[in-house]
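Here the structure comes first, spelled out in structure tokens, and everything after it is commentary.
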Amino acid sequence: MTASERMKMAAGEWYTCIDDELEALRFAARDAVFEHNGLPPRQRGNIGPALQALLGGAGEGARIEAPFHCAYGFNLFLGDGTFLNAGCTILDTAPVRIGKGTLLGPNVQIYCAEHHREATGRLAGLEIAKPVTIGDNAWIGGAAIILGGVSIGEGAIVGAGAVVTRDVPANATVVGNPARVVTPR
């Protein structure tokens with residue numbers, strides 16, 4: 001039996017994002033995100049109801065400010081007390097696990113999908129999904145970009161505007177493009 005594109009995506013294999021099943025899942029996420037972003041803050045609470053139901057998991061007190069965008073939602077796991085500030089975008093083609101007490105500043109972007117390096121592959125919609133893990137009590141500064149396959153250790157700090165292309169050790173501070181360690185704490 002041939003694996004579906006969703007199964008290939010979940011397995012970390014090359015898959016085509018131009019697929020009816022994946023498109024239906026993205027539409028479900030868009031609907032949930034639309035509700036989350038459109039509800040009055042007091043009615044929305046920490047996470048809009050449809051988005052809450054879609055997420056892979058959200059711990060107690062996890063909060064997502066609006067506006068927010070995600071690709072699928074079911075691959076997003078938030079620890080207790082995690083806070084995502086306004087404008088965060090998470091392209092969760094692979095699992096994104098954000099530890100408890102972790103703070104994401106405004107406009108943080110997490111990209112799990114990596115497109116094919118050859119133009120013909122990109123035209124065919126070929127992608128590979130790589131997970132992102134952020135440990136407990138980390139702080140990701142505003143407008144930072146985190147690429148797929150990266151792990152950020154517990155207590156780490158990612159400076160505003162940093163582009164994280166490789167793993168960040170626990171309790172380290174990284175800045176720049178590409179991000180580099182400047183001061184271990």
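Position 1 is the first residue of the sequence; numbering continues from there.
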Can you name the residues that form a side chain to side chain contact (heavy atoms under 4.5 Å, CB included) with Pro169, not counting sequence neighbours? Ala172, Val181
Mind listing the closest non-hydrogen atom pair of [X] and [Y] along with its distance?
X      : Y      : value
Ala66  : Asn37  : CB-OD1, 3.5 Å
Phe68  : Ile90  : CE1-CD1, 4.1 Å
Gly105 : Val108 : O-CG2, 3.2 Å
Leu54  : Ala28  : CD2-O, 4.3 Å
Gln52  : Ala58  : NE2-CB, 3.6 Å
Val132 : Gly149 : CG2-N, 4.3 Å

State, with a plain yes or no, whether a side-chain heavy atom of [X] is found less than 4.5 Å away from one of [Y].
X      : Y      : result
Val175 : Arg180 : yes
Ile152 : Asp167 : no
Ile134 : Ile110 : yes
Ser4   : Met7   : yes
Leu84  : Leu78  : yes

List for me each residue that meets salt bridge (charged side-chain N to carboxylate O under 4.0 Å, His left out) alongside [X], sequence neighbours excluded, and say none if there are none.
X      : answer
Glu5   : Lys8
Lys130 : Glu114
Arg30  : Glu23
Arg122 : none

[atom1]/[X] to [atom2]/[Y] distance, rounded to the nearest 0.5 angstrom?
X      : Y      : atom1 : atom2 : answer
Leu91  : Ile146 : CG    : CD1   : 12.0 Å
Ile140 : Asn85  : CD1   : CG    : 13.0 Å
His69  : Cys88  : NE2   : SG    : 12.5 Å

Same cluster or not: Leu22 versus Val33, using hydrophobic residues (I, L, V, M, F, W, Y) connected whenever any side-chain heavy atoms lie under 4.5 Å apart? no
Are Ile145 and Ile128 linked, directly or through intermediate hydrophobic residues, by side-chain heavy-atom contacts shorter than 4.5 Å (ILVMFWY only)? no
Start with the C-alpha distance between Ile64 and Leu51, add both sets of side-chain angles, then the distance that settles side chain to side chain contact (heavy atoms under 4.5 Å, CB included), and finish with yes or no. CA-CA 10 Å; Ile64 301 174; Leu51 184 57; 4.1 Å; yes
Pair Ser151, Thr133 - check side chain to side chain contact (heavy atoms under 4.5 Å, CB included), show working. CA-CA 5 Å; Ser151 290; Thr133 301; 4.0 Å; yes
Qualifying salt bridge (charged side-chain N to carboxylate O under 4.0 Å, His left out) pairs, either residue in residues 142-151, two or more places apart: none
Tell me who clusters with Leu39, hydrophobic residues only, linked when side chains sit under 4.5 Å apart either directly or through other members. none
Enumerate donor-acceptor pairs with a distance under 3.5 Å from any side-chain N or O in residues 97-104 to protein atoms, sequence neighbours excluded.
| from | atom 1 | to | atom 2 | distance (Å) |
| --- | --- | --- | --- | --- |
| Thr102 | OG1 | Gly99 | O | 3.2 |
| Thr102 | OG1 | Gly135 | O | 2.6 |
| Thr102 | OG1 | Asn137 | N | 3.2 |
| Thr102 | OG1 | Ala138 | N | 3.1 |

How would you list all residue pairs meeting ring pair (Phe, Tyr, Trp, His ring centres under 6.0 Å) that involve residues 9-61, not counting sequence neighbours? Trp14-His116
Which pairs pass side-chain hydrogen bond (donor to acceptor under 3.5 Å, both in side chains) with one or both residues in residues 57-66, sequence neighbours excluded? Asn46-Arg63, Arg63-Glu65
Under 3.5 Å, side-chain donor or acceptor atoms of residues 70-77 against the rest of the protein: list the pairs with distances, not counting sequence neighbours.
| from | atom 1 | to | atom 2 | distance (Å) |
| --- | --- | --- | --- | --- |
| Tyr72 | OH | Arg26 | NH1 | 2.8 |
| Asn75 | ND2 | Asp92 | O | 3.0 |
| Asn75 | ND2 | Thr93 | O | 3.3 |

Leu25 vs Arg6, side chain to side chain contact (heavy atoms under 4.5 Å, CB included): CA-CA, chis, key distance, verdict: CA-CA 10 Å; Leu25 292 168; Arg6 182 179 183 179; 3.7 Å; yes
